[in-house]
Amino acid sequence: MEGENRSIEKGLLLIRKEESANTTPFLVFTTFIIVSASFSFGVAFSVFGSLLTFGGMIGAIFSATIADSFGCKMTLWITEVFCISGWLAIALAKNIIWLDLGRFFVGIGVGLLSYVVPVYIAEITPKTVRGTFTFSNQLLQNCGVATAYYLGNFMSWRIIALIGILPCLIQLVGLFFVPESPRWLAKEGRDEECEVVLQKLRGDEADIMKETQEILISVEASANISMRSLFKKKYTHQLTIGIGLMLLQQLSGSAGLGYYTGSVFDLAGFPSRIGMTVLSIVVVPKAILGLILVERWGRRPLLMASAFGLCLGCISLALAFGLKGVPGVNVNVTPTLAFIGIMTFVMMFAAGLGALPWIIMSEIFPMDMKVVAGSLVSITNWFTGWIVSYCFNFMLLWSPTGTFIIFATISGATVVFAWCLVPETRGLTLEEIQRRAN
């Protein structure tokens with residue numbers, strides 16, 4: 001027994017040494033620059049509605065192709081052209097045309113960001129911290145959401161638009177100091193650069209020989225496939241997971257509730273200013289919790305726990321509106337249950353389902369299907385989000401109770417979907433994940 005305990009302690013010590021060796025200051029800096037503009041994503045998502053989502057669809061269509069052709073780093077520069085020009089158009093708009101054009105441009109930018117950021121981070125980080133670093137994208141988005149929720153109580157949307165520019169400028173300058181993805185460099189035949197970049201990311205003392213060889217072998221064995229070839233039987237499992245998670249994320253009601261949280265508070269009779277302020281306080285800590293748990297629990301358990309939380313939140317909201325106006329029921333029941341339901345939904349979404357579909361998407365697709373599959377799942381997410389955000393108010397007019405019963409059912413189905421189909425990818429390299437899928 002004592003010998004077993006010593007072996008376990010040695011194993012844990014080796015894991016900790018590997019994690020500390022792989023997490024270098026340069027890797028942390030690079031990840032920060034990559035995710036910095038995601039703050040703008042959160043601000044935009046909270047302030048502007050369906051036109052931004054339509055722009056996101058356009059960006060999503062071309063995101064994977066641009067990243068594959070020009071690299072993730074260049075794609076982020078292109079993204080900033082759209083984001084900065086869009087935010088400026090919004091802040092300085094003299095009429096509705098410029099305002100809508102700005103929202104559309106920001107939408108294109110965040111559509112590009114939504115694909116390239118998780119893929120970029122997944123391709124530069126080691127397996128021991130990949131989930132945590134990729135989840136930081138969601139953390140920055142939630143910082144943007146919290147800022148918009150709080151400042152929206154007393155600042156105009158023009159000022160908020162100018163705030164949205166700041167992280168874009170940080171990324172624009174910071175990109176001069178970060179490397180391209182080593183996997184993209186290998187794909188382009190720039191093997192020496194791939195090795196140099198990997199050494200910088202892992203640290204001078206790290207042995208990168210095995211990781212470099214795995215990347216080179218994986219790239220040599222892959223060639224981009226067509227959209228038609230994507231639907232062959234060999235790709236069915238990964239495609240089902242990727243598309244399924246994106247559909248379930250949006251059909252759970254996240255886009256609708258994200259855009260119209262204040263309206264739901266008002267409909268339930270809860271002061272929206274108080275509700276939005278409380279949300280701005282709690283949403284970031286919950287995202288930090290998800291960042292911590294994604295490597296400790298794993299993707300699959302966290303995904304199921306998050307979806308179950310969304311289900312409970314929607315049930316609370318359905319009960320709130322179902323009991324509204326019922327004789328004999330205290331008038332405070334509806335606003336109280338609605339507040340609990342919204343808090344539960346938003347916090348559990350921030351802790352898991354908001355980030356995990358994108359994290360898993362960035363891990364499960366091999367190089368040969370990443371371009372077409374990445375484009376397809378991204379457009380699926382944005383198109384479904386646009387439909388949900390467009391229909392949300394009409395659904396509330398039809399029946400608030402019925403609306404949240406539907407969302408609760410879909411959230412429950414997400415738990416079953418994750419249990420039956422989603423693989424655990426924690427602790428595996430991208431190449432190991434893709435070998436297991438074949």
Side-chain angles (χ1 to χ4, degrees), residues 17-38 63-80 112-113 115-137 170-224 359 361-363 365-368 370-371 374 425 427-434:
K17 285 178 71 177
E18 184 182 3
E19 288 180 357
S20 62
N22 285 329
T23 308
T24 62
F26 185 63
L27 178 63
V28 174
F29 171 75
T30 300
T31 302
F32 170 74
I33 294 301
I34 293 170
V35 302
S36 57
S38 296
S63 57
T65 302
I66 294 174
D68 182 67
S69 301
F70 302 106
C72 293
K73 185 174 174 179
M74 179 59 72
T75 305
L76 287 180
W77 262 320
I78 294 170
T79 295
E80 295 315 331
L112 291 168
L113 278 176
Y115 170 82
V116 74
V117 169
V119 168
Y120 199 171
I121 298 173
E123 291 188 355
I124 66 169
T125 47
K127 62 183 181 181
T128 51
V129 294
R130 188 179 61 245
T132 298
F133 275 59
T134 311
F135 208 101
S136 64
N137 179 40
I170 291 172
Q171 186 175 83
L172 190 68
V173 175
L175 284 171
F176 285 101
F177 305 99
V178 302
E180 182 53 81
S181 161
R183 284 172 174 80
W184 185 81
L185 291 171
K187 184 182 76 69
E188 295 295 302
R190 295 154 65 177
D191 296 359
E192 289 185 10
E193 287 182 66
C194 169
E195 191 170 345
V196 170
V197 166
L198 206 57
Q199 191 73 69
K200 287 182 68 177
L201 290 168
R202 300 294 180 265
D204 294 336
E205 302 300 320
D207 183 1
I208 62 165
M209 186 65 67
K210 181 181 176 183
E211 187 176 4
T212 304
Q213 288 302 314
E214 283 187 345
I215 291 172
L216 295 176
I217 292 169
S218 174
V219 167
E220 287 175 7
S222 65
N224 287 344
I359 292 175
M361 176 276 296
S362 71
E363 294 175 329
F365 294 144
M367 293 292 290
D368 60 344
K370 185 167 282 189
V371 175
T425 57
L428 301 173
T429 66
L430 297 182
E431 287 70 32
E432 288 169 342
I433 294 167
Q434 290 148 20

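All figures in this text were calculated on a predicted structure; none of them were measured in a lab.
We find the CD1-OG1 distance between Ile217 and Thr212 to be 10.5 Å, quoted to the nearest 0.5 Å. The CG atom of Asp68 sits 9.0 Å away from the CH2 atom of Trp184 when rounded to the nearest 0.5 Å. If you take SG on Cys72 and OH on Tyr115, they are separated by 7.0 Å, rounding to the nearest 0.5 Å. Expressed to the nearest 0.5 Å, how far CD of Glu432 lies from OG of Ser218 amounts to 11.5 Å. The distance from atom CG of Leu175 to atom CG of Leu172, rounded to the nearest 0.5 Å, is 7.0 Å.
Considering every non-hydrogen atom in both Glu180 and Tyr120, the closest pair reads CA-OH, 3.8 Å. Annotation for Asp191 and Ala186: closest pair OD1-O, 4.0 Å, computed over non-hydrogen atoms. Counting all heavy atoms, side chain and backbone alike, Leu113 lies closest to Pro118 at O-CD, 3.9 Å. Contact record, Val116 with Ala67: CG2-CB, 4.2 Å, taken as the closest heavy-atom pair. Shortest non-hydrogen contact noted between Phe26 and Pro179 is CZ-CD, 3.5 Å. The two residues Leu430 and Ser362 have their closest heavy-atom pair at CD2-O, 4.2 Å.
Side chain of Thr24 to main chain of Arg202: no donor-acceptor pair is present (N/O by atom type, distance under 3.5 Å, no hydrogens or angles). Counting only distance, with no hydrogens or angles, the side chain of Glu195 and the backbone of Met209 share no donor-acceptor pair below 3.5 Å. At least one donor-acceptor pair closer than 3.5 Å links the side chain of Thr79 to the backbone N or O of Thr75.
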Side chain to side chain contact (heavy atoms under 4.5 Å, CB included) between Phe365 and Val119, worked out: CA-CA 10 Å; Phe365 294 144; Val119 168; over 6 Å; no

Steps toward salt bridge (Lys or Arg N to Asp or Glu O under 4.0 Å) verdict (Glu363, Arg130): CA-CA 9 Å; Glu363 294 175 329; Arg130 188 179 61 245; 2.7 Å; yes

Criterion salt bridge (Lys or Arg N to Asp or Glu O under 4.0 Å) on Glu431 and Arg183, from CA distance to verdict: CA-CA 11 Å; Glu431 287 70 32; Arg183 284 172 174 80; 3.0 Å; yes

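Thr31 places a side-chain heavy atom less than 4.5 Å from the side chain of Ile124. Looking at Pro126 and Leu27, their side chains come closer than 4.5 Å, going by heavy atoms from C-beta outward. The shortest distance between side-chain heavy atoms of Leu198 and Ile215 falls below 4.5 Å. By the 4.5 Å heavy-atom criterion applied to side chains, Phe133 and Val28 are counted as neighbours. Side-chain atoms of Ile121 and Ile359, non-hydrogen and from C-beta on, never get closer than 4.5 Å to each other.
Surrounding CZ of Phe70 are at most 12 heavy atoms belonging to other residues, nucleotides or ligands under 6.0 Å away.
The side-chain hydrogen bond (donor to acceptor under 3.5 Å, both in side chains) check on Ser181 picks up Glu123, with sequence neighbours excluded.
Ion pair Glu211/Lys127 not flagged as a salt bridge, since none of the NZ, NE, NH1 or NH2 atoms sits closer than 4.0 Å to an Asp/Glu carboxylate oxygen.
Remark: aromatic rings of Trp77 and Phe176 are close, center separation under 6.0 Å.
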